[in-house]
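Encoded as structure tokens, the structure appears first; notes follow it.
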Amino acid sequence: MVVRFELVVEFRSAQAAVAAADRVVAAGNAPIDLHWPRLDRDGDTALLLSVVPVVDGARTARWFTDLGNGLYRLLSDLTGYRAALAGWDPLGPLRERRQVPGLVLPEPGDGPGFVPFARGFVWLPYRGESE
């Protein structure tokens with residue numbers, strides 16, 4: 001199993017997922033270098049957009065925290081999704097809607113601790129990575 005740091009965004013609509021992938025590509029990989037975004041079907045009702053940064057060599061927790069913040073800035077420009085999470089292998093917690101720091105959901109959220117993220121979305125604020 002490959003462990004990777006990424007942003008995973010869940011969509012209900014193929015049209016919204018493709019539009020989001022186009023926005024990621026149009027961002028010109030700024031402020032972080034990204035591999036080409038990947039779309040995968042997750043069961044019958046969801047499409048997953050995976051945004052994987054280019055990581056060359058060993059990096060510090062601070063570097064990954066900055067990377068996570070960059071992925072969330074990229075996410076703040078996307079719309080039409082129903083959940084998102086960045087970090088190390090975020091797919092499991094995203095599927096389970098585990099309430100972990102960084103989880104982004106449409107308003108009003110799903111429990112205590114959610115605060116505004118971007119227009120129409122709330123999140124449990126991302127806390128960064130630790131050593």
What are the two closest non-hydrogen atoms of Ala61 and Ser130, and how far apart are they? CB-C, 3.6 Å

For the pair Leu124 and Val100, evaluate side chain to side chain contact (heavy atoms under 4.5 Å, CB included) and give the outcome as yes or no after the intermediate values. CA-CA 7 Å; Leu124 294 171; Val100 296; over 6 Å; no

Ser76 side chain to Ala118 main-chain N or O, any donor-acceptor pair under 3.5 Å? no

For residues 42-51, which side-chain N or O atoms pair as donor and acceptor with protein atoms under 3.5 Å away, sequence neighbours left out?
from  : atom 1 : to    : atom 2 : distance (Å)
Asp42 : OD1    : Arg95 : NE     : 3.2
Asp42 : OD1    : Arg95 : NH2    : 2.8
Asp42 : OD2    : Arg95 : NE     : 3.2

Between Val115 and Trp123, does the side chain to side chain contact (heavy atoms under 4.5 Å, CB included) criterion hold? Intermediate values first, please. CA-CA 6 Å; Val115 298; Trp123 74 331; 3.7 Å; yes

So which heavy atom on Tyr126 is nearest to which on Phe64, and how close? OH-O, 3.6 Å

Tell me whether Leu34 is reachable from Val52 by hopping between hydrophobic residues (I, L, V, M, F, W, Y) whose side-chain heavy atoms are closer than 4.5 Å. no

Backbone N/O of Gly102 and side chain of Tyr72: donor-acceptor pair under 3.5 Å: yes

With side chains defined as the heavy atoms from C-beta onward, is the minimum distance between Phe121 and Leu105 less than 4.5 Å? no

Looking at CZ of Arg97 and CG of Leu85, how far apart are the two atoms once the value is rounded to the nearest 0.5 Å? 10.0 Å

Side chains of Glu129 and Trp88: does their closest heavy-atom pair fall under 4.5 Å? yes

Tell me if the CZ atom of Arg59 is crowded by more than 12 foreign heavy atoms within 6.0 Å. yes

Can you give me the closest heavy-atom contact between Val122 and Pro106, atom names plus distance? CG2-O, 4.0 Å

So do the side chains of Leu103 and Arg98 get within less than 4.5 Å of each other, counting heavy atoms only? no

Determine whether Pro53 and Asp33 make a side-chain contact, defined as any pair of heavy atoms from C-beta on separated by less than 4.5 Å. no

Trp63 to Val54 - nearest heavy-atom pair and separation: CH2-O, 4.2 Å

Spacing of Asp89 atom CG and Phe5 atom CZ [to the nearest 0.5 Å]: 11.0 Å

If every non-hydrogen atom of Leu94 is compared with every non-hydrogen atom of Ala84, which pair is closest and at what distance? CD1-N, 3.5 Å

Residues, nucleotides or ligands: over 12 heavy atoms within 6.0 Å of Gln15 CD: no

How many angstroms lie between CZ in Arg23 and CG in Leu74, if you round to the nearest 0.5 Å? 9.0 Å

For Phe11 and Thr79, the nearest pair of non-hydrogen atoms, with its separation, is CE2-O, 3.6 Å

Mind checking side-chain hydrogen bond (donor to acceptor under 3.5 Å, both in side chains) for Arg38 and listing every partner two or more places apart, or none if nothing turns up? Asp40

Do Glu107 and Phe117 touch side chain to side chain, with heavy atoms closer than 4.5 Å? no

Only pairs at least two apart or in different chains count here, so list each salt bridge (charged side-chain N to carboxylate O under 4.0 Å, His left out) that has a residue in residues 78-87. Glu10-Arg82

Got a sec: does the CH2 of Trp36 have more than 12 other heavy atoms crowding it under 6.0 Å? no

